[in-house]
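Some notes on the structure that comes next.
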Amino acid sequence: MNLNYLAECLRLLYWIYFKPFTLAQWLREIHPDLKSDTNPFSRRAEFSGNPKLRRYAGQVWWLTVAVPPVVALLVGIIYSLVVEPFNWLRSSLFLMGWFLGNWVARGDNTKLQKWLRAITWIVISIIFLMTIGLLFATELTPSILQLIPLQSLFQSQFYVVALGVALGVALGLLSGVASGVALGVALGVALGLLSGVASGVASGVALGVASGVVSGGKLGMASGVMLVASILGLAMDLDLALGVALGVEFDVAFGIAFLVASGVAFILGTLRVYFWIPELLWMFLLLRFVPEGDEVKWLRCLPPYFDQIIHLPMPLMDSFIVKAYQHNRLAALHTLIYLIGSTNQQKVVLKAMVGIAIDTLNRCHNSEDIVAITEQLAWIASAPPPEIGSVLPEFLEISQDVRAAENASSAYLQSEMLATPVTKLDRLRTSLVLGKNAALATSFGSIVQRWLSILETSRQTIEEAALDSAEIPQVYVAGPALNPENSSSRFKGRLDVFREIESLAGSSQPPVLLLYGGRRTGKTSALKFLPQKVGSELVPLSIDFQGAAMTTTLSGLAEFIAGEMVEAARRNRNLQLPAIDRESLKIDPFMALQKWFVQIEKFAPGKRFLLCMDEFERLEEVVKETGSRSPLNFLRYILQNRANWILLFSGSHTLDELNPYWNDYLINTQSLRMTYLQEAEARDLIRNPVANFPDIYTEAAIDEIIYLTRCQPYYVQLMCRVLVDRLNAINREKTRLNQEKQRQLAQGDVKAAILKSLEQGGAAFRERYQELTEPEREFLDKLIDEPVLAVAESRSWQRLVEKEVLEATEKGYRFQVPLFQKFVEIQSRQ
């Protein structure tokens with residue numbers, strides 16, 4: 001055996017006691033099914049093809065056979081010198097049986113192993129039952145005991161030999177490497193100590209500590225064997241067994257002392273206090289004496305790096321990791337990954353994550369620091385600890401909002417977009433103050449206040465910079481729906497739609513409402529602004545079914561609906577809806593929703609709920625995917641049985657364009673058309689998209705925009721956005737040439753911006769064009785050559801009128817929106 005082989009054996013022994021996770025990973029590399037309690041000789045057939053497995057088996061053999069005698073010899077010598085003579089006979093008998101059991105386990109004779117295991121367990125069971133009988137048969141009289149030759153039996157060498165050998169063989173057959181070495185060491189020493197009162201209590205301590213050492217690591221069946229061994233070890237003392245049976249006070253006291261000592265030692269052994277105390281002291285020294293900024297260098301010296309099983313709390317470690325994170329994020333994260341995957345210190349990891357999050361949020365001194373939070377704490381965003389789980393995602397979202405504001409195309413837009421994170425911070429501050437978690441409010445209240453101060457200062461600086469520059473603010477939004485939080489001034493008109501919705505929803509028998517219109521006519525924006533336009537007794541709950549189309553199960557759809565409703569109630573009316581039964585959602589989702597709707601009515605009496613289903617046509621995809629119409633049956637139930645619920649469907653299709661089955665569900669429907677803006681509303685949008693917007697349009701330019709867009713809101717925003725960019729580009733060039741800047745946009749500028757508008761809005765124009773059928777597109781191509789085409793009216797062309805592509809005149813058909821006509825002209829030439 002060379003030194004390298006011996007070093008590997010010692011390393012394996014160290015891993016057994018201190019690094020079970022590392023041992024498990026190393027064993028998986030040797031063989032995917034190999035575990036620490038696996039007898040490697042059971043895979044003898046694989047030795048020839050797996051040299052590492054054969055080498056490991058040899059090391060296991062040497063450890064399980066050689067270590068117990070060596071330790072027993074050392075302890076025996078020291079014990080004999082310090083206390084009293086060590087009982088070499090009992091340890092030797094056990095170790096002999098231990099050797100025999102391991103020798104049999106090493107072989108490939110499974111029948112011999114099976115029979116020997118059975119025989120040894122029979123012997124142990126008989127001795128165990130006899131011992132228990134003696135220990136607890138206190139009602140037996142001395143005359144009866146004299147009839148049973150128990151004393152001579154227990155005093156015979158047969159008893160000692162049988163118990164020692166049987167116990168050794170049984171444990172040798174049962175144990176794997178981790179449990180085997182620990183049990184061999186523990187029992188080899190403990191059985192030798194069982195000789196008198198003092199040593200008997202000491203042996204109880206030894207057994208208890210040994211049990212704790214083994215149960216602290218990977219033990220399996222051996223822990224049960226260890227408890228049996230403790231009781232059998234008690235019976236090894238003949239005077240004790242007979243003394244308890246006969247009720248001798250001295251021996252009863254000794255028995256109690258033995259059991260108490262064993263129990264206390266077992267608890268302390270399981271908690272591994274003898275390792276924890278020096279580890280705790282070492283952790284204190286690290287935190288106290290490592291210089292500020294050098295914590296990273298000492299991360300590898302944390303106790304879990306050399307002892308992976310620490311059951312008792314290890315304070316100060318999370319604070320040390322937090323300090324290291326301040327100087328080297330990557331090294332600290334590697335430490336956390338190690339603690340999660342290779343130790344039982346998950347609680348320390350959670351505390352460190354909380355500390356890192358709070359410390360990082362506290363270190364923000366400007367808007368750039370806030371933007372960086374998204375990257376710095378993204379690694380804990382997926383599963384934040386409960387202590388910060390309700391707050392950290394909001395901070396990360398605010399950080400993303402600030403980043404979006406900084407990337408805005410103009411200083412004015414930056415200032416306006418900063419309103420969103422400021423509003424969210426105000427909301428978060430209120431929730432912390434009114435919440436029941438005082439610790440959360442204490443930890444994060446000051447952070448919220450600091451962030452608010454930073455963003456308000458940043459916003460003021462940006463506004464001053466915007467005023468100093470002569471650049472026209474880019475405030476027009478073409479595409480996404482307008483949000484009340486940051487686009488309230490840009491939403492124009494639609495008062496007639498809001499008034500009709502409120503009137504119909506307030507009637508005694510409200511109909512089903514169908515809000516329809518072409519794409520990008522402002523339907524989604526109108527639903528977002530609806531809560532501000534109707535009375536507080538009506539609670540709009542918007543559900544965007546474009547997101548629901550991603551679900552493939554009914555339970556997933558029901559959960560999505562519930563989640564959207566809870567968020568909408570909180571956002572629109574600051575109303576916290578009662579929680580829905582998640583388990584019922586999985587079993588019968590829409591029945592659970594029905595019961596939940598009843599709960600909501602009781603929770604908010606006097607309220608009427610307007611269920612607004614945006615992009616409702618997407619439900620057809622769910623119905624097709626699941627093969628069930630349960631969602632539609634649920635909506636019909638709500639319509640017919642819940643008087644306080646009004647259904648509003650929003651989409652780009654009318655009923656006759658949907659699948660026929662919709663007619664069975666959408667009865668008594670009142671249609672509300674979302675079409676172009678009124679001309680006065682469109683002019684107001686052009687001139688005054690926001691307060692104090694400069695006067696940059698001539699009347700002729702406004703008239704040209706109105707003509708080209710037909711007051712379609714998306715087209716108006718698109719053209720104005722292109723025109724503002726055009727004016728700023730012209731003035732930047734004039735500034736470079738030291739020429740006088742252009743103050744207003746003329747009609748010629750509008751005409752010159754048509755191609756750029758078609759380019760920027762190309763996706764929207766193509767989408768509208770591709771929705772048409774091939775005959776319809778061919779008909780539009782004819783209209784390009786003859787602007788007003790006189791043809792016989794047919795249903796096909798009438799559909800184009802309803803889709804707001806064409807309009808009928810006395811002479812025939814023509815394009816409703818000249819800007820879309822320009823797009824069709826380009827398509828026809830290609």
Side-chain angles (χ1 to χ4, degrees), residues 480-481 511-521 523-524 526-528 530 539-569 571-572 577 579-600 609-642 645-669 671-672 674 767 770-771:
V512 175
L513 304 179
L514 177 61
L515 182 65
Y516 75 97
R519 295 189 181 278
R520 294 178 174 83
T521 53
K523 299 184 297 298
T524 301
L527 293 181
K528 288 179 177 291
L530 184 59
V539 183
L541 302 174
S542 297
I543 304 171
D544 185 0
F545 277 100
Q546 193 163 9
M550 294 184 294
T551 63
T552 57
T553 63
L554 294 177
S555 59
L557 175 62
E559 187 172 357
F560 174 82
I561 291 173
E564 289 279 286
M565 290 174 56
V566 168
E567 174 59 23
R571 181 180 62 249
N572 297 336
L577 297 183
I580 192 170
D581 187 346
R582 298 288 178 181
E583 292 302 319
S584 297
L585 269 180
K586 297 176 183 177
I587 299 171
D588 193 348
F590 288 98
M591 180 58 69
L593 277 183
Q594 289 183 20
K595 294 179 180 179
W596 187 52
F597 274 38
V598 175
Q599 284 183 279
I600 293 173
F609 298 92
L610 181 63
L611 198 60
C612 306
M613 289 163 282
D614 197 16
E615 301 282 352
F616 75 97
E617 301 97 332
R618 297 284 184 159
L619 275 174
E620 292 185 358
E621 299 176 23
V622 179
V623 171
K624 181 180 179 181
E625 185 72 28
T626 61
S628 171
R629 296 186 186 178
S630 294
L632 304 182
N633 292 329
F634 163 73
L635 294 175
R636 180 162 57 186
Y637 165 82
I638 296 300
L639 172 65
Q640 296 176 351
N641 297 279
R642 311 310 315 170
W645 291 84
I646 304 100
L647 304 182
L648 185 152
F649 294 85
S650 176
S652 56
H653 295 81
T654 57
L655 286 180
D656 59 341
E657 295 175 314
L658 299 172
N659 276 318
Y661 59 70
W662 280 100
N663 293 318
D664 297 333
Y665 299 96
L666 299 182
I667 56 177
N668 187 26
T669 301
S671 296
L672 305 171
M674 184 71 73
E767 179 185 48
Q770 290 169 0
E771 286 178 346

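Quick caveat, the model's predicted, so the values are computed rather than measured. Heads up: numbering here begins at 1 and tracks the sequence.
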Step-by-step side-chain contact (heavy atoms from CB on, under 4.5 Å) determination, Asn641 to Gln594: CA-CA 10 Å; Asn641 297 279; Gln594 289 183 20; over 6 Å; no
Calculate, to the nearest 0.5 Å, the distance between atoms [atom1] and [atom2] belonging to [X] and [Y] respectively.
{"X": "Leu577", "Y": "Gln599", "atom1": "CG", "atom2": "CD", "value": "10.5 Å"}
{"X": "Leu648", "Y": "Leu514", "atom1": "CG", "atom2": "CG", "value": "8.0 Å"}
{"X": "Ser650", "Y": "Glu615", "atom1": "OG", "atom2": "CD", "value": "7.0 Å"}
{"X": "Leu530", "Y": "Leu541", "atom1": "CG", "atom2": "CG", "value": "10.5 Å"}
{"X": "Phe649", "Y": "Leu515", "atom1": "CZ", "atom2": "CG", "value": "12.5 Å"}
{"X": "Glu771", "Y": "Arg519", "atom1": "CD", "atom2": "CZ", "value": "5.0 Å"}

Hey, mind stepping through Lys595 and Ile580 against side-chain contact (heavy atoms from CB on, under 4.5 Å) and telling me if it holds? CA-CA 9 Å; Lys595 294 179 180 179; Ile580 192 170; over 6 Å; no
Side chain of Asn572, backbone of Pro540: donor and acceptor closer than 3.5 Å? yes
Would the distance check show the side chain of Lys523 and the main-chain N or O of Gly517 forming a donor-acceptor pair, the cut-off being under 3.5 Å?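 A pair under 3.5 Å: yes.
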Apply side-chain contact (heavy atoms from CB on, under 4.5 Å) to Trp596 and Leu585, showing your working. CA-CA 10 Å; Trp596 187 52; Leu585 269 180; over 6 Å; no
Can you spot which of Tyr516, Trp662, Phe545 makes a ring-ring contact (aromatic ring centres under 6.0 Å, His included) with Phe616? Trp662
Under the side-chain contact (heavy atoms from CB on, under 4.5 Å) test, residues paired with [X] that sit two or more places apart:
{"X": "Asn633", "value": "Arg629, Arg636, Tyr665"}
{"X": "Glu567", "value": "Arg570, Arg571"}
{"X": "Glu564", "value": "Ile543, Asp544, Phe560"}
{"X": "Ser628", "value": "Leu554, Thr626, Ser630"}

Heavy-atom pair with the smallest gap, counting every atom of Lys586 and Ser555: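 Scanning both residues completely, I find the closest heavy atoms to be CA-CB, 4.2 Å.
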Grab the two heavy atoms, one from Leu647 and one from Leu635, that are nearest each other, plus how far apart they are.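 Scanning both residues, the minimum pair turns out to be CD1-O, 3.5 Å.
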side-chain contact (heavy atoms from CB on, under 4.5 Å) for Ile638 and Leu593? Distances and angles first, verdict last. CA-CA 10 Å; Ile638 296 300; Leu593 277 183; over 6 Å; no
Taking C-beta and beyond as the side chain, do Met565 and Leu611 meet within less than 4.5 Å on heavy atoms?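 SC-SC contact between Met565 and Leu611 confirmed.
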Partners of Glu559 by salt bridge (Lys or Arg N to Asp or Glu O under 4.0 Å), sequence neighbours excluded? Arg582
Criterion side chain to side chain donor-acceptor pair (under 3.5 Å) against Asn659, the qualifying member of Lys624, Glu617, Glu620: Glu620
Quick one: list whatever passes ring-ring contact (aromatic ring centres under 6.0 Å, His included) with Phe634, sequence neighbours left out. Phe590, Phe597
